[in-house]
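Right, one structure below, let's go through it.
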Amino acid sequence: MKKPNAIELNADTQKWLYPSGFYCVVRRFSSKEEKRRIVASVVEPNTFGNVPMLGFENHLNLFHENKQGLPESLARGLAVFLNTTAVDEQFRRFSGHTQVNATDLKLMKYPSRDDLIQLGEWATQQETLAQDKIDAKLRDLML
């Protein structure tokens with residue numbers, strides 16, 4: 001393989017690794033042709049087997065708590081919120097570029113932590129998460 005598929009755990013790499021857990025990640029780059037600028041996903045620890053640490057590529061923005069994973073419902077709630085049409089439209093209003101920087105994400109207004117957890121709990125109970133369903137739930141949450 002030309003590109004390494006693992007990170008050796010040592011004193012030099014330790015600072016770049018995170019304990020296995022739930023994280024919300026957002027792609028940093030999109031093309032102009034893509035429908036959405038902000039694309040969020042949840043990293044689930046069981047996807048990687050029984051590994052103690054995770055490494056994330058530079059093309060992802062990572063939501064964490066003090067370099068630790070998030071509660072599962074919070075990670076899922078953040079991903080659902082960030083994938084709403086309202087968030088995408090808000091981002092496009094203040095940013096004309098296709099790159100989503102960490103600073104851009106920090107400057108956005110978010111629902112309360114409790115509301116995000118509630119949104120994540122709701123999401124886990126859904127069979128499918130269609131865009132119209134997500135957008136309707138956010139409208140209900142904000143009322």
Side-chain angles (χ1 to χ4, degrees), residues 3-10 12-143:
K3 189 174 183 181
N5 66 356
I7 301 171
E8 182 180 344
L9 181 58
N10 59 43
D12 293 331
T13 62
Q14 180 73 37
K15 63 184 173 192
W16 301 112
L17 299 175
Y18 293 81
S20 187
F22 286 90
Y23 296 90
C24 178
V25 293
V26 176
R27 277 191 356 203
R28 286 186 54 213
F29 301 101
S30 62
S31 68
K32 289 184 179 182
E33 295 79 26
E34 285 186 83
K35 205 174 197 178
R36 308 190 64 76
R37 290 287 178 258
I38 297 182
V39 178
S41 299
V42 174
V43 173
E44 299 183 24
N46 60 1
T47 302
F48 305 100
N50 193 23
V51 297
M53 305 293 281
L54 299 173
F56 295 92
E57 291 199 29
N58 192 35
H59 70 270
L60 297 172
N61 289 302
L62 178 68
F63 285 83
H64 60 87
E65 272 184 322
N66 300 317
K67 283 206 72 157
Q68 302 288 318
L70 301 170
E72 180 180 359
S73 293
L74 179 58
R76 292 190 186 287
L78 267 170
V80 169
F81 171 73
L82 290 166
N83 284 320
T84 61
T85 301
V87 168
D88 192 65
E89 288 172 353
Q90 177 189 357
F91 180 78
R92 287 171 185 265
R93 278 190 199 107
F94 74 79
S95 176
H97 54 82
T98 58
Q99 184 171 338
V100 180
N101 296 312
T103 302
D104 296 333
L105 294 169
K106 288 178 185 177
L107 293 174
M108 290 176 50
K109 294 199 181 243
Y110 293 85
S112 71
R113 182 183 179 98
D114 288 340
D115 285 344
L116 288 170
I117 290 170
Q118 180 187 350
L119 191 58
E121 290 169 352
W122 169 82
T124 59
Q125 297 169 0
Q126 306 306 304
E127 281 187 38
T128 60
L129 284 174
Q131 190 66 56
D132 58 341
K133 198 180 217 183
I134 291 169
D135 292 340
K137 181 62 177 174
L138 180 67
R139 278 192 300 276
D140 292 346
L141 188 65
M142 296 292 117
L143 295 178

Results of salt bridge (Lys or Arg N to Asp or Glu O under 4.0 Å) for Asp135 - residues two or more places apart only: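 In terms of salt bridge (Lys or Arg N to Asp or Glu O under 4.0 Å), with neighbours along the sequence ignored, Asp135 is linked to no residue.
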Reported CG-to-CG distance for the pair Asp140 and Leu119, which is rounded to 0.5 angstrom: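 With rounding to 0.5 Å, CG (Asp140) is 10.5 Å from CG (Leu119).
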Side-chain ion pair, Arg28 and Glu57, N-O less than 4.0 Å: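 Judged by the 4.0 Å cut-off on N to carboxylate O distance, Arg28 and Glu57 do not form a salt bridge.
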Sub-6.0 Å ring centroid separation between Phe56 and Tyr18: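 Centroid separation for Phe56 and Tyr18: below 6.0 Å.
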Pairs where residues 39-56 contributes a residue and the test side chain to side chain donor-acceptor pair (under 3.5 Å) is met, not counting sequence neighbours: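 The answer is Glu44-Arg76.
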Heavy-atom pair with the smallest gap, counting every atom of [X] and [Y]:
X      : Y      : value
Ala123 : Leu129 : CB-CD1, 4.0 Å
Val100 : Asn61  : O-ND2, 2.7 Å
Cys24  : Ala75  : CB-O, 3.9 Å
Leu82  : Ala40  : CB-CB, 3.8 Å
Ala79  : Val42  : CB-CG2, 3.6 Å
Leu9   : Thr13  : CA-OG1, 3.6 Å

Crowding at NZ, Lys67 (>12 non-hydrogen neighbours, <6.0 Å):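 Correct, the count exceeds 12.
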Under 3.5 Å donor-acceptor, Asn10 side chain and Asp12 backbone: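 At least one qualifying donor-acceptor pair exists.
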Test salt bridge (charged side-chain N to carboxylate O under 4.0 Å, His left out) applied to Lys133 and Glu127, step by step: CA-CA 11 Å; Lys133 198 180 217 183; Glu127 281 187 38; over 6 Å; no
ring-ring contact (aromatic ring centres under 6.0 Å, His included) between Phe63 and Tyr23, intermediate numbers included: CA-CA 6 Å; Phe63 285 83; Tyr23 296 90; over 10 Å; no
